[in-house]
Asks: 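Sharing a structure with you now.
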Protein chains: 2
Amino acid sequence: MAATHPPHVHALLYEAYLRVSDVVFEGAKAMDARVRPSHAAVFFHMEHEGIRLGRLAEKAQMTPQAMGELVDDLEEFGYLRRVPDPTDRRAKLIVFTEEGDAALRTGYKIIDDVERRMAGLLGEEGFGDLHRMLTRIITYF
Amino acid sequence: MAATHPPHVHALLYEAYLRVSDVVFEGAKAMDARVRPSHAAVFFHMEHEGIRLGRLAEKAQMTPQAMGELVDDLEEFGYLRRVPDPTDRRAKLIVFTEEGDAALRTGYKIIDDVERRMAGLLGEEGFGDLHRMLTRIITYF
DNA sequence: CCATTTGATAAGGTAGCATTAATATAATGC
DNA sequence: GCATTATATTAATGCTACCTTATCAAATGG
């Protein structure tokens, strides 16, 4: 650092996120090398009943165009399908394929593993405290 | 979320970082709208005595080419200058201008403010715990 | 003193978004 | 029952923040 300070919590939040993410994305890459970190937003905000592109984009806080590209990829990879929305012929519903559903479950397994590793490292109490403090920061900042 | 879970700490780390960063970068933008978040890495890893491009890139974990562009920008904005390195005529030393030095100090003031806000929100003890837990995650992950 | 290494930089490419604009369908007011 | 306006998606294009490859000049080690 240009000035000598103990690292700011701001910087630590970033570093910690990067480390944990690395582990998660390594796990994901081992499952399917075509999937990139940006695709995670799709899985994260999907809905099993099917979801429209616009709503998916909104939940992920990006434009429908950007989300459209991610969905294009995952459709190509065989994880999603676009089916016509019966209630509105302009719209399409994005739904999981069998494989997409399996991939989602695998993804959560990878994340749950990492969460358990963190809990082991910090102790259940510390892990709970961390959860609460981060939630508090998110709520009030 | 596609499945209903309490948010993972992994996700919370990301969210918290984004919230805190927003505040920091809003503050920075208010000072100089030309400066972008990516320029922060330069200020963060600069050294007052002057530093070579290669070393700056190494510290920031990016290629010299990428760092070169950031330094180009900040040189244009008047915060940095490239001076010949007297010990090696291939090399240049990147040094702060007066304005760059002032900007660095302002930047740290903005961050320190945010850190104090977090400490206020969590209490000194909680803030210290957060600091230690994040450091622990970074060290052992 | 020449071969190799090192420092900077130029040219061109890619991922992950955004903005603007086109197209199709739907809903609404009169 | 149009004409207007709104909404869902997609296409074209652009920008930021990087990377890779290639070039050139200066330094260094046998």
Asks: Among C:dA10, D:dT10, C:dG7, which nucleotide sits nearest the side chain of B:Q65?
Replies: C:dA10
Asks: So for the helix from C:dC1-D:dG30 to C:dC30-D:dG1, with five pairs setting each end axis, what is the inter-axis angle to 10°?
Replies: 10°
Asks: Atom CD1 of B:I51 and atom P of C:dA8: how far apart are they, to the nearest Å?
Replies: 10 Å
Asks: Rounding to an integer number of Å, can you tell me how far A:R55 CZ sits from D:dT7 P?
Replies: 16 Å
Asks: OP1 or OP2 of C:dA18 sitting under 4.0 Å from any side-chain N/O of A:T63?
Replies: yes
Asks: Which residues within residues 72-91 of chain B lie with some heavy atom under 4.0 Å of an atom in DNA chain D?
Replies: B:D88, B:R89, B:R90
Asks: Is the A:H39 to A:Y79 ring centre distance short of 6.0 Å?
Replies: no
Asks: Can you see if the side chain of B:S38 gets near the phosphate of D:dT16 - specifically, an N or O under 4.0 Å from OP1 or OP2?
Replies: no
Asks: Return the value, rounded to whole Å, for the distance between atom CD of A:E69 and atom P of C:dC17.
Replies: 9 Å
Asks: Do the side chains of A:D22 and A:R19 get close enough for a salt bridge, i.e. N-O under 4.0 angstrom?
Replies: no
Asks: Closer than 4.0 angstrom, basic N to acidic O: yes or no for B:D73 and B:R36?
Replies: yes
Asks: Please determine whether a side-chain nitrogen of the Lys or Arg among B:R89 and B:D85 lies less than 4.0 Å from a carboxylate oxygen of the Asp or Glu.
Replies: no
Asks: D:dA17, OP1 or OP2 - any side-chain N/O from B:R36 closer than 4.0 Å?
Replies: yes
Asks: At a heavy-atom distance below 4.0 Å, what parts of residues 13-32 of chain A sit against DNA chain D?
Replies: none
Asks: With a 4.0 Å cut-off on N to O distance, would you call A:E75 and A:R82 a salt bridge?
Replies: yes
Asks: In terms of side-chain geometry, is the basic nitrogen of A:D112 or A:K109 positioned less than 4.0 Å from the acidic oxygen of its partner?
Replies: no
Asks: Locate the shortest heavy-atom distance separating B:M118 from B:F127; write the atom from each residue and the value.
Replies: CB-CE1, 3.7 Å
Asks: Assign B:G68 to base, sugar-phosphate, or nothing according to its heavy-atom contacts below 4.0 angstrom with the strands shown.
Replies: nothing
Asks: Is it possible for you to say whether A:V114 and A:L134 belong to one hydrophobic cluster, with membership spreading through side-chain heavy-atom contacts below 4.5 Å?
Replies: yes
Asks: Find the distance A:M62:CE to C:dA18:C1' and express it as a whole number of Å.
Replies: 11 Å
Asks: Can B:E47 and B:R55 be counted as an ion pair, charged N to O under 4.0 angstrom?
Replies: yes
Asks: Send over the distance from A:M67 CE to D:dT9 P, rounded to a whole Å.
Replies: 12 Å
Asks: Expressed in angstrom and rounded to an integer, what is the separation of A:R34 atom CZ from C:dA15 atom P?
Replies: 15 Å
Asks: Can you tell me how far C1' of C:dA24 sits from CG of A:L53, to the nearest Å?
Replies: 15 Å
Asks: Below 30° counts as parallel, above 60° as perpendicular, anything between as tilted: where do the rings of B:H10 and A:F25 land?
Replies: perpendicular
Asks: Taking the six-membered ring of A:F141, is NZ or CZ of B:R117 closer than 6.0 Å to its centre and within 45° of its axis?
Replies: yes
Asks: For the side chain of B:K92, starting at C-beta, report the closest nucleotide among C:dC17, D:dT9, C:dA8.
Replies: C:dA8
Asks: Determine the sole option in A:V9, A:I138, A:L13 for which the side chain to side chain contact (heavy atoms under 4.5 Å, CB included) test with B:Y17 is passed.
Replies: A:L13
